[in-house]
Amino acid sequence: MIPRFDQLSEEELRKILLEQQAILDNASVGILFSRDRKVATCNLRCAELFGYALPELVGLPAAKLFSSHEAYSQLGHTAGPALAAGSGFHGEIQYRRRDGSLFWARVSAKAIDPQHPHDGTIWIVADISEERAVREALAQTTHEQELIFNNAAVGMMFARNRIVRRCNRKFEQIFGYAPGELVGQSVLLLHPTVRDYDEFGSLAYGTLQRGETFIGEQRARRKDGSIFWVRSTGCKTDALGSPLDVIWIFEDVSARHQVEEALAQAHNELEQRVVERTSQLVATNEQLQAEIFERMQAEQRIWHIAHHDALTGLPNRSLLLDRLNQALTQAGRSEHRLAVMFLDLDRFKSVNDTLGHHIGDLLLKHVAMRLREAVRAVDTVARLGGDEFVMVLHEIQTPDDASRVAEKIIEALAPVVLAEGNQLHATPSIGISIYPDDGDEAYALMKNADTAMYHAKAGGRNTYKFFTAKMNEETRRFFGFEQRLRNALLQHQFLLHFQPLIDHARQVVCGMEALVRWQDPEAGLTLPGAFIPVAEETGLILQLGEWVLREALRQNGVWQAQGHPALPVSVNLSPRQFHHKGLVDSVRAILNESGQPPELLELEVTESALMHDANQSLDKLRRLADLGIKLAIDDFGTASTSLAYLKRFPVHRIKIDQSFVRDVALAGEDAAVVSAIMALARSLGLEALAEGVETQEQLDVLRGFGCCQFQGFLFAHPLPPEQAAAVFHPSGLP
Ligand code: C2E
Ligand code: CA
Ligand code: CA
């Protein structure tokens with residue numbers, strides 16, 4: 001029980017006062033006694049709080065301690081009634097320090113005597129600035145978190161035991177619910193099926209129970225039942241044990257899933273396409289490979305065809321030249337010799353003509369084979385065409401090596417070739433040129449070997465000859481001669497002599513043969529034997545022949561105009577002329593041009609020319625006969641004419657070759673031949689004329705065989721046209 005002051009002694013009062021002063025001084029809160037709206041007294045802590053020295057504070061108007069007069073009067077309104085009611089005032093007030101700064105304090109106030117409020121009020125002031133700062137910070141944080149929570153771009157949800165306790169707006173939006181609609185609901189709502197709910201639960205809650213963060217993506221269900229993809233991140237908020245509190249963050253990843261699915265789909269399609277395209281490519285590639293292979297094969301075939309002779313399979317001219325050039329380069333480097341051999345089969349043409357091309361081909365094949373076997377594998381054997389073969393002997397030491405090979409070849413070809421029952425002999429003529437002795441390039445070597453081959457042929461056949469410089473000399477002469485012949489034609493150096501044909505039975509001249517001569521300014525009058533072969537070989541005979549025909553017809557016309565009897569004129573055709581395809585047209589044209597009747601022209605074709613290609617000859621003779629002219633077989637007996645053809649040839653006369661006439665009087669073989677020819681002519685109804693009759697004796701024997709027509713020096717030499725008298729009236733005739 002507190003004693004009453006008036007009952008206490010001064011000493012006791014002083015003691016109480018001291019005690020009270022100590023309490024005031026040591027209090028950790030500010031204690032202030034106010035009266036009449038002024039600070040009546042306060043403790044040290046209070047002065048500290050307000051930043052005043054204790055004496056300064058005493059007597060200070062209370063309003064000064066407030067943040068503003070409004071705040072002061074506001075407090076008066078709120079605190080006044082409470083104080084008056086005696087219940088006291090409790091609150092938080094913002095004060096002002098002496099330096100003007102503000103601070104918060106928790107305040108408890110009580111009137112000393114509620115009945116008499118003017119007696120004063122006790123204020124207990126505790127600085128709560130720090131506490132408020134913490135509280136405000138907390139509130140701020142909470143506020144911020146709330147803001148984040150409500151404005152987050154992700155859905156957030158707090159669940160306890162899989163019941164939604166709280167969620168943000170975004171979460172509701174993601175799942176299509178109205179605000180607050182989900183609170184208190186089971187998260188089962190959010191899964192497409194119960195099974196999904198269970199599976200998710202066992203998957204996620206296992207992780208969460210271990211205290212780990214669960215992150216997963218799964219299908220979820222909106223309120224409207226539509227299914228979408230969410231990415232969920234969950235972590236347990238509570239401490240160990242139940243209940244199970246989990247904060248979930250959800251993101252709608254449907255768009256990404258769609259993109260991913262689209263991507264995956266595109267990827268699959270792409271892969272599919274790649275697979276398809278790859279297999280297409282493989283197929284195309286295989287086809288291409290096959291085409292390339294085929295093309296290569298075709299090209300190889302074409303190359304082979306282009307470079308080989310179809311009949312024998314040997315290299316042809318172009319490949320030969322290739323090989324020869326290569327061999328020359330090589331020989332040049334290694335300083336070796338090299339031989340080029342030209343080979344021509346003797347009388348191959350007659351095999352072709354008499355037995356046919358088929359047999360000729362068989363013979364060529366055999367020859368090709370034997371040649372191939374006669375030389376080394378490195379050597380080249382080529383066929384240029386016809387019966388012409390060329391061999392290149394690579395790298396030989398001396399010309400003797402080439403001789404040995406040539407001999408070997410002649411030996412290899414010696415055995416009889418059997419071709420479909422025919423026994424054939426293939427004998428070669430070989431010409432050889434040597435590198436570098438006879439030339440250092442392909443063309444010269446080939447030409448020289450060719451030249452040597454012609455000399456081998458001329459030198460007796462079935463033999464070989466090396467090229468010599470002298471051969472070229474002859475060749476040059478030949479070409480020089482050709483040039484002179486051409487010139488002769490231009491310069492009108494040719495002329496005709498005429499020799500009468502005698503019909504002895506009737507004692508008349510029955511015709512005359514035109515024989516060409518060359519008035520050579522160098523050599524004088526030259527006989528045809530000296531230039532006809534060259535003209536024949538060079539082709540000049542065609543022009544010369546036309547000139548002869550034209551001139552013979554012209555001369556005959558002149559004679560007729562002079563009053564001489566109209567006799568047929570005989571003109572010789574060379575083999576080349578006869579076989580030339582333009583012959584018939586040419587003869588027709590010249591005949592027309594001359595104005596001479598066709599029956600006054602007789603053409604002489606040698607027996608060998610006719611038999612060269614008997615079928616073609618037959619055709620040509622018929623076309624000539626159709627012109628109305630006469631035809632005679634010249635040099636008869638020198639070639640073996642087949643009787644079958646002779647019967648069909650539209651000729652009217654045969655001219656027995658003078659080689660049989662020469663010795664006909666000796667009653668030998670020639671006489672027998674002439675006698676036989678006469679019998680043949682009689683049986684075929686042909687006239688027979690004996691050429692080259694020089695003596696009376698010959699004439700008598702021939703007449704004895706029944707021959708009536710003659711030509712020869714006995715009657716007249718070939719004479720120039722000026723000596724017409726002797727031509728039309730030869731000696732030996734009346
Ligand atoms: P061929 O057609 O057999 O002409 C007969 C040849 O015998 C002529 O020689 C003639 O002079 C000669 N001859 C005539 N009677 C006798 C005789 O009693 N004894 C001797 N030993 N010879 C006689 P030629 O004029 O030298 O003509 C030679 C060959 O030249 C001709 O032989 C003929 O094949 C050819 N020839 C002549 N002129 C031409 C022509 O214009 N064109 C063609 N393509 N060849 C012709
Ligand atoms: Ca003749
Ligand atoms: Ca003749």
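All ligand and atom numbering here is 1-based and tracks the order in the structure.
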ask   = What N, O or S atom of Asp634 is found closest to the Ca ion (ligand 3)?
value =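 Considering only N, O and S atoms, Asp634 comes nearest to the Ca ion (ligand 3) through OD1.
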request  = Would you name the N/O/S atom of Asp635 that lies closest to the Ca ion (ligand 3)?
outcome  = OD1
Are any of the side-chain nitrogens in [X] or [Y] under 4.0 Å away from the carboxylate oxygens of its partner?
{"X": "Lys655", "Y": "Glu513", "answer": "yes"}
{"X": "Arg317", "Y": "Asp309", "answer": "no"}
{"X": "Asp670", "Y": "Arg662", "answer": "no"}
{"X": "Asp585", "Y": "Arg588", "answer": "yes"}

request  = Name the option, out of Gln658, Glu604, Glu691, that contains the heavy atom nearest to atom 6 (C) of ligand 1.
outcome  =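 Looking at heavy atoms only, the winner is Gln658.
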query = Counting heavy atoms only, which of His497, Gln499, Gln711 is nearest atom 15 (N) of ligand 1?
reply =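 That would be Gln499.
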Heavy atom of protein closer than 4.0 angstrom to [atom]:
{"atom": "atom 4 (O) of ligand 1", "value": "yes"}
{"atom": "atom 9 (O) of ligand 1", "value": "no"}
{"atom": "atom 34 (O) of ligand 1", "value": "no"}

What's the shortest distance from [atom] to any protein heavy atom, and which residue and atom give it?
{"atom": "atom 11 (O) of ligand 1", "answer": "Pro718 CG, 3.3 Å"}
{"atom": "atom 28 (C) of ligand 1", "answer": "Pro528 CG, 3.7 Å"}
{"atom": "atom 31 (C) of ligand 1", "answer": "Leu515 CD2, 4.3 Å"}
{"atom": "atom 20 (C) of ligand 1", "answer": "Glu694 OE2, 3.2 Å"}
{"atom": "atom 43 (C) of ligand 1", "answer": "Asn572 CB, 3.6 Å"}

request  = Indicate the atoms forming the closest heavy-atom contact of Leu496 with Val516, along with that distance.
outcome  = CD2-CA, 3.8 Å
ask   = Which pair of non-hydrogen atoms, one from His308 and one from Asn316, has the smallest distance, and what is that distance?
value = N-ND2, 3.5 Å
query = So is there a nitrogen or oxygen of Phe713 less than 3.5 Å from a nitrogen or oxygen in ligand 1?
reply =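 Yes.
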Heteroatom distance test (Val516, ligand 1): nitrogen or oxygen, under 3.5 angstrom =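 Checking ligand 1 against Val516, an N or O pair does fall under 3.5 Å apart.
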If you measure only the distance, is there a donor-acceptor pair under 3.5 Å linking the side chains of [X] and [Y]?
{"X": "Gln709", "Y": "Arg653", "result": "yes"}
{"X": "Asp503", "Y": "Gln507", "result": "no"}
{"X": "Glu441", "Y": "Tyr435", "result": "no"}
{"X": "Gln577", "Y": "Glu546", "result": "no"}
{"X": "Thr427", "Y": "Asp346", "result": "yes"}
{"X": "Asp344", "Y": "Tyr454", "result": "no"}

request  = Would you give the angle at the Ca ion (ligand 2) between Asn572 atom OD1 and Glu604 atom OE1, to the nearest 10°?
outcome  =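 Result: 80°, to 10°.
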Element-labelled atoms of ligand 1 that are located less than 4.0 Å from some non-hydrogen atom of [X]:
{"X": "Ser574", "answer": "44 (N)"}
{"X": "Asp635", "answer": "3 (O)"}
{"X": "Glu513", "answer": "2 (O), 4 (O)"}

key: contact_flag Arg517 ligand 1 heavy-atom lt 4.0 Å   =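 Arg517 counts as a contact of ligand 1 under the 4.0 Å cut-off.
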inquiry  = Quick check on the 6.0 Å ring-centre criterion: do Phe728 and Phe498 meet it?
reply    = no
task = Determine which of the N, O or S atoms in Glu513 is closest to the Ca ion (ligand 2) and give its atom name.
result = OE2
request  = Report the part of Val548 in contact with ligand 1, treating N, CA, C, O as backbone and CB onward as side chain, heavy atoms under 4.0 Å; options are side chain, backbone, both, neither.
outcome  =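 Side chain only.
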request  = Determine whether the side chain, the backbone, both or neither of Val693 has a heavy atom under 4.0 Å from any heavy atom of ligand 1.
outcome  =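 Backbone only.
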